[in-house]
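As structure tokens, the structure follows; a few thoughts come after it.
For this chain, numbers begin at 1 and follow the sequence in order.
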Amino acid sequence: MKIQMKSIYKSFGSNNVLKNVNFSVQSGEICALLGENGAGKSTLMNILGGVLPANSGEVFIDDNQVFFSKPSDAIDAKIAFIHQELNLINDLNIYENMFINRELKTKNHLLDTNLMIKKTNEVFKRMNISLNPKQMVRTLDASYKQIVEIAKALMMDAKIIIMDEPTSSLTDSEIERVFDLMKSLKTQGVGMIFISHKLNEVMEICDTYSVLRDGILVNEGKVSSVSTKEIAKMMVGHEVRDHILTNDDEYGKEILKIENLSCENYYKNISLELHQGEILGVTGLLGDGRTELFQTIFGAFKKNYQGKIFVDGKNERILSTGQAVNLGIGYVPRNRKENGIVKDLNILDNGTLATISKMKKNLLIDSKRQISTFKDNIDKLHIKMEKYSDPINSLSGGNQQKVVLAKWLSTNPKILILDNPTQGVDVGAKEEIYDIILKLAKEGVAIVVLSSEANEIIRLCRKSYVLYHGKINGIVENETMSEHNIMHLATGGQL
């Protein structure tokens, strides 16, 4: 099966999103669709998936022109679209999710549970995975949820699967699990369109690539013929820096200190210090406990902890996020879509949510003060947007992340904890966020970067703690700061 999209144009009002784009993919091929946020990738795939109509252009399957007016048309043509926000219902089990809206029934019009379980098992056998169809979806980790979505696509006999940022919220071991499945499907003749900002993953899993920039196809070819640096340049239109960015200024006074912090089953005997103007790294692998550790410091991890937390030299027992904010601590959480933004609020409300209680005027929100506060951060963070009242989802991933940053900068934090700060943003936005982090450090803000990306830690931090199974297994700094040493410590080794 071969899909060809020819001369695709799409505009929203006066905004031309796609301009004469050609794109193709075929069975047994994994094609990377690349570009910055806002380049037109999702729009192009929404056209192929029957979600949006093109203004003009043609779509062919095996040289026969097709017309998709709704998603079910694409599904009937054996094209499945797995969106970044997975369409699974946590309170149903796996087989119920597999057959939602197309349940199998007996002759008596009752649900044929046994047949649905049987067919689910047949797909899992084809995928060479071991899952119990009766297991509740909420008990699955992120990678298995992604795998269930892929299984749903195969249940519908999909020959081409569109995967939008499938690894953005997965750990390294979870990514490996999904990649193993993708390789298996490729040998079975399934074609995949892989949308990602992680260029190292593109080099590992994809055969071909197509790069969009500002709605125009700027390059395509075989992945084996290019480097990540070359692809990054195609995406942004200029060379992308990759040098070390660490702040070399002298640090100020100690602002945060923790002594023997422990929480059973999560982390144990953690001691570290953080100074004004420092960018401190904390890294590791799945289950290292870093997120739970710093959620505790922010008052968001509702488990009893032992040990001491000192802020500005004073021993504090932090039990709520409100208390942490009053102490000058801000926290940008991982997984922006689930924990960082409120989808039902507009850009302005999202960007001022942490300080909204201080903007009351006669029991109402002082909108002038709210806008003034947010406007300062728009300029400081270079947020690209149109109207304050636009929905937060109208922004690119990078700009959404900047709005989350703006929310916490409005609290004037002394300490800013950033959990995977560049997750799901493109290479250009990533560099902009790095510049923001460096600028904040120069202004004296003490910053903690929690990241699974060793290269991110190396570029931003002079020093990093490496956790393994909830304990500090080592510290890397100066000449020991390398990807090899970080991975060695993260997997239980010693330097």
Side-chain angles (χ1 to χ4, degrees), residues 30 45 49-51 71-72 74-196 205 286-287 334-335 337-339 343 424:
I30 304 177
M45 290 300 98
V51 178
S72 60
I75 292 170
D76 291 342
K78 303 189 185 308
I79 300 169
F81 196 160
I82 300 175
H83 296 269
Q84 189 174 359
E85 296 175 27
L86 301 181
N87 294 315
L88 296 177
I89 299 174
N90 282 327
D91 292 328
L92 296 180
N93 57 36
I94 293 174
Y95 82 83
E96 288 171 325
N97 271 279
M98 292 282 285
F99 285 92
I100 199 159
N101 290 330
R102 48 192 196 87
E103 294 83 357
L104 301 182
K105 296 182 179 179
T106 65
K107 292 179 181 179
N108 298 324
H109 304 290
L110 299 174
L111 289 177
D112 196 336
T113 300
N114 291 333
L115 184 57
M116 287 189 282
I117 291 173
K118 179 184 176 184
K119 288 189 172 295
T120 300
N121 272 322
E122 287 172 357
V123 173
F124 288 167
K125 185 176 180 181
R126 175 186 170 187
M127 298 166 71
N128 196 28
I129 59 172
S130 178
L131 275 176
N132 181 355
K134 296 180 182 179
Q135 187 173 347
M136 297 297 289
V137 165
R138 65 170 173 266
T139 66
L140 301 176
D141 69 26
S143 63
Y144 277 115
K145 287 182 180 180
Q146 192 72 248
I147 285 168
V148 170
E149 284 278 27
I150 296 170
K152 282 174 65 178
L154 294 178
M155 182 77 78
M156 295 181 280
D157 198 27
K159 301 299 182 187
I160 301 291
I161 302 176
I162 304 165
M163 306 177 75
D164 191 359
E165 296 282 354
T167 64
S168 63
S169 58
L170 304 187
T171 63
D172 289 343
S173 58
E174 290 172 337
I175 290 167
E176 188 176 338
R177 188 180 296 144
V178 172
F179 279 6
D180 285 344
L181 175 57
M182 290 172 67
K183 291 170 185 174
S184 173
L185 295 179
K186 176 183 167 182
T187 63
Q188 297 175 39
V190 177
M192 284 157 276
I193 300 168
F194 184 75
I195 303 174
S196 180
I205 196 68
L286 175 67
R334 67 188 303 154
N335 201 337
K337 289 184 180 295
E338 288 189 17
N339 304 313
K343 297 173 189 175

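Put simply, the side chain of Ile162 reaches to within 4.5 Å of the side chain of Ile79, judged on heavy atoms. Contact check for Asn93 versus Met136: side-chain heavy atoms found under the 4.5 Å cut-off. With a 4.5 Å cut-off on side-chain heavy atoms, Asp164 and Phe81 count as touching. Side-chain contact between Met163 and Met182 is present, with heavy atoms from C-beta onward closer than 4.5 Å. Contact annotation: the side chain of Asn114 approaches that of Asp112 to within less than 4.5 Å [non-hydrogen atoms, C-beta and beyond]. Counting heavy atoms from C-beta on, the side chains of Ile205 and Lys183 come closer than 4.5 Å. Side-chain contact between Ile94 and Leu140 is present, with at least one heavy-atom pair separated by less than 4.5 Å. Within the 4.5 Å cutoff, side-chain heavy atoms of Met155 are placed close to those of Thr120.
Pairing each heavy atom of Leu88 with each of Lys145, the nearest pair is CD1-O, 3.4 Å. What you find for Ala153 and Ala80 is that their closest heavy atoms are CB-CB, 3.5 Å. Heavy-atom minimum distance, Ile89 versus Val137: O-CB, 3.8 Å. Shown here for Arg177 and Asp141, the closest heavy-atom pair between the two residues is NH1-OD2, 3.1 Å. Of all non-hydrogen atoms in Met98 and Lys152, the two that sit nearest each other are SD-CG, 3.6 Å.
Put simply, CG on Leu110 and CG on Leu104 are 13.0 Å apart, with the number rounded to the nearest 0.5 Å. Here the straight-line distance linking atom CD1 of Ile82 with atom CD1 of Ile161 works out to 5.5 Å at 0.5 Å rounding. Rounding to the nearest 0.5 angstrom, the gap separating the CG atom in Leu92 from the CZ atom in Phe99 is 14.0 Å. Interatomic distance, Glu122 CD to Ile117 CD1, rounded to the nearest 0.5 Å: 12.5 Å. Atoms CD1 and CD1, from Ile195 and Ile193 in turn, are 7.5 Å apart once rounded to the nearest 0.5 Å. Here the straight-line distance linking atom CG of Leu181 with atom CD of Gln146 works out to 9.5 Å at 0.5 Å rounding.
Summarising the local packing, CG of Asp157 is surrounded by more than 12 heavy atoms from other residues, nucleotides or ligands at distances under 6.0 Å. The environment of Gln188 atom CD is dense: over 12 non-hydrogen atoms of other residues, nucleotides or ligands sit within 6.0 angstrom.
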